[in-house]
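For reference, the structure discussed in these notes is given below.
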Protein chains: 2
Amino acid sequence: MDWPVVNGSIPARPGVFGTKSGRCGKEIQLSWDNVCRTFQQAYAPSDPGGPSEGIRETVAEVTLKDVALASGCSIATVSRVLAGTRPVGAETARTVREAAERLGYRPNQVARALRSRSTGTVGLVLPQITNPFFPSLVRELEHALHAEGRAVLLADCDDDPVTEAARIGVLLGRRVDALLLIPVDERRSREAVASAAAQVPLVLLDRGCGPGIADSVAVDNAAGMALVLDHLAATGRRRPCFIGAAGTASAAVERRAAYEAGAAALDPAAPGRVELGDFSVEWGRAAVDRVWPSRPDALICANDLIAAGALQRLRQLGADVPGEVAVTGFDDIPLAGLADPALTTVRQPVGELAAEAARLLSRRPSPGEPGPRRTVRLAPQLVVRASSAPAGVPRVADCF
Amino acid sequence: MDWPVVNGSIPARPGVFGTKSGRCGKEIQLSWDNVCRTFQQAYAPSDPGGPSEGIRETVAEVTLKDVALASGCSIATVSRVLAGTRPVGAETARTVREAAERLGYRPNQVARALRSRSTGTVGLVLPQITNPFFPSLVRELEHALHAEGRAVLLADCDDDPVTEAARIGVLLGRRVDALLLIPVDERRSREAVASAAAQVPLVLLDRGCGPGIADSVAVDNAAGMALVLDHLAATGRRRPCFIGAAGTASAAVERRAAYEAGAAALDPAAPGRVELGDFSVEWGRAAVDRVWPSRPDALICANDLIAAGALQRLRQLGADVPGEVAVTGFDDIPLAGLADPALTTVRQPVGELAAEAARLLSRRPSPGEPGPRRTVRLAPQLVVRASSAPAGVPRVADCF
DNA sequence: ATGAAAGCGCTAACAA
DNA sequence: TTGTTAGCGCTTTCAT
């Protein structure tokens, strides 16, 4: 028998099976139940003329019921075998798995989510994926989460707190199990973040959002700055200047504070030499115009973009980097290794940040009883490249 | 009345309402039904001692049923009002919307998806988010899709076809309505892509994957190359050399073919001057070592990364760009504007690519009857920067 | 225009 | 260990 003959009405012959080549091209056994569903779906909703050719190409989704029918046991048992939730007889398990394999069964995660009240989905909300620091972080997060069977719903906020709040709402409506969030703004994100944190486990990444709002994972900015200062001191720099970012963002505040705290070791006047703008290449260029006349021997930039701008402008001004002045960045974005001279910078432990964030998510099962907020700070690493080589040492081409 | 007194058993008093301040801090009316669910959830599953303090902080999810109870009409009516699927009395509609608002109702997208067989979710599968061309594309896609109420499930394949196939499987299990896919490899991705395309609408982006597999959207590589060649010809370059990528990827093949077809206009021998490696900075550096001895006056690189490497090596060799030799890229990644000299390149119409991809997705409702595959090619734009300025013209600093 | 009722595919009580 | 029975929250016939 090849295919049951049906003419406009759905036959009811339980137990009878049709044979058909499925989507993988291999012959599979269909439960009569599935045959009927295929039939119905081929009709619905706008196909009044009877089953189209399509019916012969399409098989209705294979469900637990099909597997149960095919393996001769109950739906519940099949569920238990496939979801591995409860002990099941070895023989039964084998039969079930075999049937599932043969039919090409794929659990419907939507149904599973509805019933179990867990989507296995994490929302990832970030200010702007085009910020060059984020892609590597996103990559690590994606891998960490997929490794534990969770999928990632991505939301890009366009650097706008209003959009951010809206995206958070959308993700909550889709019932993400948890949120991973890089807040757009220390203050203006707070309300939406706090409200979300009350509903699902939420971990703040990279940037803070006020105290006590949610768990957070970030690099130890102070330690990073200390690495830079130590390095510059060791290579004989004595007139450093900090080019940072204004505002309340944690990276901006902490890096500046660490500079001010540590720079006195190089020069008593150093902590006062601070210029604040934003985290952009343009600001890096502009800042050089402001500080270069006073001939600092090191420009400590709050991130790599600022440093890239600074390098660019210094070259235009004919300054010798690192001969006359060293330049350092923060983050170690891909651009850093490509700049000329290659940029000395502080590498964020992106993989560990992601792993730690994933770990925090799993360990916060009860939103009703939040417990104390946890803050994790991870140690960064100094990457020394040509832009801070001691004066007089020949420059080494750095690899990407 | 403040809160029903309950002592270890669930009371059943339909129609009675509790009052409570919800998660937004505002006072909301709770249906008795919701009160009971809150109670049950506070117990379950591992809370034998009775309702914890948590019960006073948490409100069970507000459902259609609550809204129906509160507005005095049936669940079906509420659904129709809120989903806007069918005409509903103006007065009823108002009452319902008001109740929904008051209770802070948020439709459960999971339940909706299960019932309506549409998750409103699109899978975005890409080779590596860290490839600097992708973030801006991802950004545009995210915005285009969110604008039509769809959410994005992100999958990063680590440039591995096996991972790619696995990710596609995961997304299909999560019942994405459609897939947006940048294939890892022209050939090795084909099987998984074809199989996926048979199950859901699928649009290939940026790269092809063999003919007839799926709809696709990409930049017109030939047109882009033509723009470059015209520009170089117009600025007097006569000894161009192409630095491209080997392999079957569409970008590699098409850009090279376009060069070979168009370069003869500059120099009859030009089409033969082709070096092939991969799309990396390292290859750009290496390629310069191979071609520089023959003193070309233009290096036409197949993408910006190659061009960045070429610029770097040329500077190390002391070559004058653009005086002695012009360098061009392709894609216009952020790095291009930051290179020194800033890189002349071909900008991909990222926003339009995203819009077009989203459009194709919506217009493919029946996977049963695929119809002919559609291929969309979008026109790129030449961005002239310092790296190809005519020899002798003073260099202009380019902004980021 | 509205309501009652039947599921979507699955998991989780509760029995047996 | 296994089966039976209820739903998860929603949309969608089918009546009214």
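So that the names make sense, note that chain A is the first sequence line, chain B the second, and so on, each numbered from 1. What you see is a predicted model, and the numbers here were worked out from it, not measured in a lab.
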Does L202(A) reach the side chain of V193(A), with side-chain heavy atoms less than 4.5 Å apart? yes

Rounded interatomic separation in angstrom, taking [atom1] from [X] and [atom2] from [N]:
X       : N       : atom1 : atom2 : value
Q109(B) : dT11(D) : CD    : C1'   : 13 Å
L114(B) : dG7(D)  : CG    : C1'   : 12 Å
K65(B)  : dT11(D) : NZ    : C1'   : 16 Å
R175(B) : dC8(C)  : CZ    : C1'   : 11 Å
R112(A) : dC8(C)  : CZ    : P     : 18 Å
E61(A)  : dC8(C)  : CD    : P     : 13 Å

Is there any side chain to side chain donor-acceptor pair (under 3.5 Å) pair reaching into residues 141-151 of chain A, and which pairs are they, with sequence neighbours excluded?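 Those involving residues 141-151 of chain A are E142(A)-H146(A), E142(A)-R167(B), H143(A)-D156(B), H143(A)-R167(B), E148(A)-R150(A).
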
If you assign each of R86(B) and P107(B) to its closest nucleotide in DNA chain D, which residue comes earlier from the 5' end?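 Closer to the 5' end of DNA chain D: P107(B).
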
Return the nearest nucleotide to the side chain of Y105(A); candidates are dC10(C), dC8(D), dT11(D). dC10(C)

Taking the side chain of N108(B) as heavy atoms from C-beta outward, which of dC10(D), dT12(D), dG9(C) is closest to it?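 Looking only at heavy atoms from C-beta outward on N108(B), the closest nucleotide is dC10(D).
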
Salt bridge (Lys or Arg N to Asp or Glu O under 4.0 Å) contacts in which one or both residues fall within residues 73-95 of chain B, not counting sequence neighbours: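 Sorted pair list: E91(B)-R94(B), R94(B)-E98(B).
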
Answer yes or no: does a side-chain N or O of S79(A) lie under 4.0 Å from OP1 or OP2 of dC10(C)?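 Indeed not, no polar side-chain atom of S79(A) lies that close.
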
Short side-chain N/O contact from R117(A) to OP1 or OP2 of dA12(C), under 4.0 Å: no

Classify the side chain of R115(A) versus the base of dG9(C) as yes if they form a donor-acceptor pair under 3.5 Å and no if they do not.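 Side chain to base: no pair below 3.5 Å.
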
Can you tell me how far the CD1 atom of I213(A) sits from the CZ atom of R373(A), to the nearest 0.5 Å? 7.5 Å

Gap separating the CG atom of L179(A) from the CG atom of L204(A), nearest 0.5 angstrom: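 The CG atom of L179(A) sits 10.5 Å away from the CG atom of L204(A).
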
Measure from the side-chain N and O atoms of R102(A) to the backbone N and O of V67(A), and report whether any donor-acceptor pair falls under 3.5 Å.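 Looks like no, no N/O pair under 3.5 Å.
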
Determine whether a donor-acceptor pair (N or O, by modelled atom type, separation under 3.5 Å) exists between the side chain of R359(A) and the backbone of A357(A). no

With the criterion being N/O to N/O and under 3.5 Å, what pairs connect the protein with nucleotides 3-5 of chain C, and how long is each?
from, atom 1, to, atom 2, distance (Å)
dG3(C), OP2, S74(B), N, 3.0
dG3(C), OP2, S74(B), OG, 3.0
dG3(C), OP2, T77(B), OG1, 2.4
dG3(C), N7, R80(B), NH2, 2.5
dG3(C), O6, R80(B), NH1, 3.2
dG3(C), O6, R80(B), NH2, 3.3

